[in-house]
Structure formats: structure tokens, C-alpha cells
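The next block holds one structure in the form of C-alpha cells; read it before the comments.
Numbering of ligands and ligand atoms starts at 1, following listing order.
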Amino acid sequence: MDALITAVGLQKFFGSFHVLQDVDFAIAKGEVVCIIGPSGSGKSTFLRCINQLERIDSGYVTVDGEMVGYRRDGHRLYPLSDGEIARQRQAVGMVFQRFHLFPHKTVLQNIIEGPVGVLKRRRTDCVQEAKVLLKRVGLAHRADAYPGELSGGQQQRVAIARALAMKPKAMLFDEPTSALDPELVGEVLNVMKELAASGTTMIVVTHELGFCREVADRVVFMDAGRIVDSGTPGEILENPRNPRVKNFISAVL
Ligand code: ADP
Ligand code: MG
């Protein structure tokens with residue numbers, strides 16, 4: 001497999017707590033992987049390690065062939081500078097449970113903040129692209145609204161557009177619909193379905209098993225810091241061979 005993101009022997013501790021225990025993972029370009037598992041199993045920490053929001057204690061992560069956080073020179077590894085890490089992190093977009101939009105900026109200003117402020121691209125180009133993205137997430141008519149004027153589902157769709165504005169190579173979603181009222185979940189999942197259908201490489205931590213069944217190429221089950229099982233949605237969700245997976249799925253349904 002020509003992997004876009006890999007994790008090899010990934011280990012992470014919080015103090016003496018071993019939160020990620022030897023995680024091996026790979027996702028190909030264009031693939032959609034859903035990660036499910038009980039609360040506290042390390043799903044968020046895993047995504048945060050990929051996106052360098054957490055430091056890795058051992059093992060490594062690569063994104064598009066580059067080792068995350070380090071440069072290899074012969075047999076030696078050198079830690080990257082903060083600036084190099086910031087550049088690397090742009091390759092991966094992340095959407096969180098909470099939307100983290102800038103409250104005092106309009107929807108459009110939120111979306112162009114990264115490309116204009118960080119990538120130093122021409123504002124007029126970024127505004128054009130932001131309008132296309134807003135159309136894509138169904139919010140073309142709300143460009144001048146402030147986040148506080150939007151529903152949670154709309155805010156999350158803006159957060160997705162904002163991440164896409166950086167043209168990332170992959171998108172990570174950490175329970176993007178968990179904070180939403182039930183009637184707003186579908187509009188966010190629909191945007192994610194469209195992204196998946198258009199070939200976006202996506203890792204999605206979610207409890208929405210219907211979404212996993214419909215959209216995932218592969219479902220990964222994490223428990224207590226390990227990947228316990230992995231397979232097609234049919235293998236993991238319909239006929240789980242692993243008793244822990246079986247228990248989890250019957251509890252979520
Ligand atoms: P999940 O996303 O699967 O619910 P997390 O990755 O958020 O799991 O957390 C895994 C475990 O690590 C939990 O027991 C959590 O309390 C602990 N944990 C997460 N972040 C920290 C932190 N910054 N410091 C200490 N413990 C943490
Ligand atoms: Mg989590």
C-alpha cells in the first residue's frame with residue numbers, strides 16, 4: 001500500500017499512564033478510515049500525535065513520506081524547529097468536537113485566516129476559494145455571519161471549510177458530531193460524505209456507526225491504547241469476531 005499517513009510502533013505516555021501502546025497504522029491516499037472504541041481508549045490522543053498536538057514517546061509517524069517532528073540525516077534524527085513543525089502540520093487538517101471558530105470574525109474571515117495569515121496568499125484569491133468552500137458545505141448565504149449567529153451544525157461546517165482552506169493532504173475528524181443536537185448531526189455527516197466521495201483522505205473518530213458502515217473503507221477498533229481489530233465495515237460492524245468489539249457495538253446501538 002502506498003500510505004499517505006503511517007504510525008509505526010507508536011507509544012505515548014501521560015506520566016506513568018501508557019495511553020498508546022505500540023500502535024501500527026497506515027492509511028492510503030483517498031482512503032476513509034473510521035476509528036471506533038470506548039471512551040478513554042486513546043483515539044483522540046492518536047489523532048493528536050499524527051497532527052503533532054502531542055509529543056510521541058517512541059515509534060514514529062510519517063505524513064506523505066516525511067517523518068513527523070524529525071529530520072533524518074543518515075542514521076541520526078534531529079528534532080524539527082517550531083517553524084518546521086508548523087509547516088508540517090499544515091499537511092493535515094483537523095476538525096474537533098468543539099468548533100473553535102474565532103468568535104469576533106465572520107464566517108468568511110474565519111476561513112481565510114489560515115491561507116492569508118499563515119500561508120501569506122493573496123487575499124482576493126483566498127476569498128474566491130472560501131466562497132467555493134462555503135458553497136460546498138452549504139453555507140454560501142452565511143459568509144458574513146458571526147459564529148454566534150449560527151447553529152452548532154453550521155459552525156461545524158464552517159470549521160470543516162476552514163480546515164479545507166489550507167488544502168491539507170488529509171483530514172482528521174475527532175468526534176465532529178458529538179457536541180451537536182441530534183437534529184444537526186446529519187448535515188455535518190452529509191458534508192463529510194461528500195468529502196469522502198470526492199477522494200479526500202480521512203481519519204474519522206466517531207460513534208456514528210451508520211456513517212462508518214456507509215462511508216468507511218476500513219474500520220479500526222481501539223481499546224485501552226491498542227488497535228484491537230481492523231477490517232471492512234462488514235467485518236467489524238456486522239460480524240465482529242472480537243468479543244470486545246461485539247460488546248462495544250451492542251452498547252452503542
Ligand atoms: P478517547 O479519545 O479514546 O476517549 P483520549 O485519547 O482522549 O481517549 O484519552 C485516553 C486516556 O488518556 C484517557 O484515560 C484520558 O484521561 C488520558 N489523557 C488524555 N489526555 C491527557 C493529558 N493531557 N494528560 C493526562 N491524561 C490524559
Ligand atoms: Mg476522544
* To do: Assess the pair Tyr70 and Tyr78: is the distance between their ring centroids shorter than 6.0 Å?
  => no
* Pair Asp223-Ser41, side-chain donor/acceptor within less than 3.5 Å -> no
What does the contact table look like for ligand 1 (nitrogen or oxygen on each side, cut-off under 3.5 Å)?
residue, atom, partner, partner atom, Å
ligand 1, 2 (O), Ser44, N, 2.9
ligand 1, 2 (O), Ser44, OG, 2.8
ligand 1, 3 (O), Ser41, N, 3.1
ligand 1, 3 (O), Ser41, OG, 3.4
ligand 1, 3 (O), Gly42, N, 3.0
ligand 1, 3 (O), Lys43, N, 2.9
ligand 1, 3 (O), Lys43, NZ, 2.8
ligand 1, 4 (O), Gly40, N, 2.7
ligand 1, 6 (O), Thr45, N, 2.9
ligand 1, 6 (O), Thr45, OG1, 2.5
ligand 1, 8 (O), Gly42, N, 3.2

* Do the side-chain N and O atoms of Arg142 and Thr106 include a donor-acceptor pair separated by under 3.5 angstrom? -> no
* Does any N or O in the side chain of Gln154 come within less than 3.5 Å of the main-chain N or O of Ser151, such that one atom is a donor and the other an acceptor? -> yes
* Do Gln21 and Gln11 have a side chain donor and acceptor closer than 3.5 Å? -> no
* Asked: Is it true that atom NZ of Lys131 has more than 12 heavy atoms of other residues, nucleotides or ligands lying nearer than 6.0 Å?
  -> no
* To do: Using a cut-off of 2.8 Å, find all protein N, O or S atoms closer to the Mg ion (ligand 2) than that distance.
  => Ser44 OG
* For the residue pair Pro168 and Gly93, what are the closest heavy atoms and their distance? -> CB-N, 3.4 Å
* **Over 12 foreign heavy atoms within 6.0 Å of NZ, Lys193** => yes
* Asked: Any chance the rings of Phe96 and Phe173 have centres within less than 6.0 Å?
  -> no
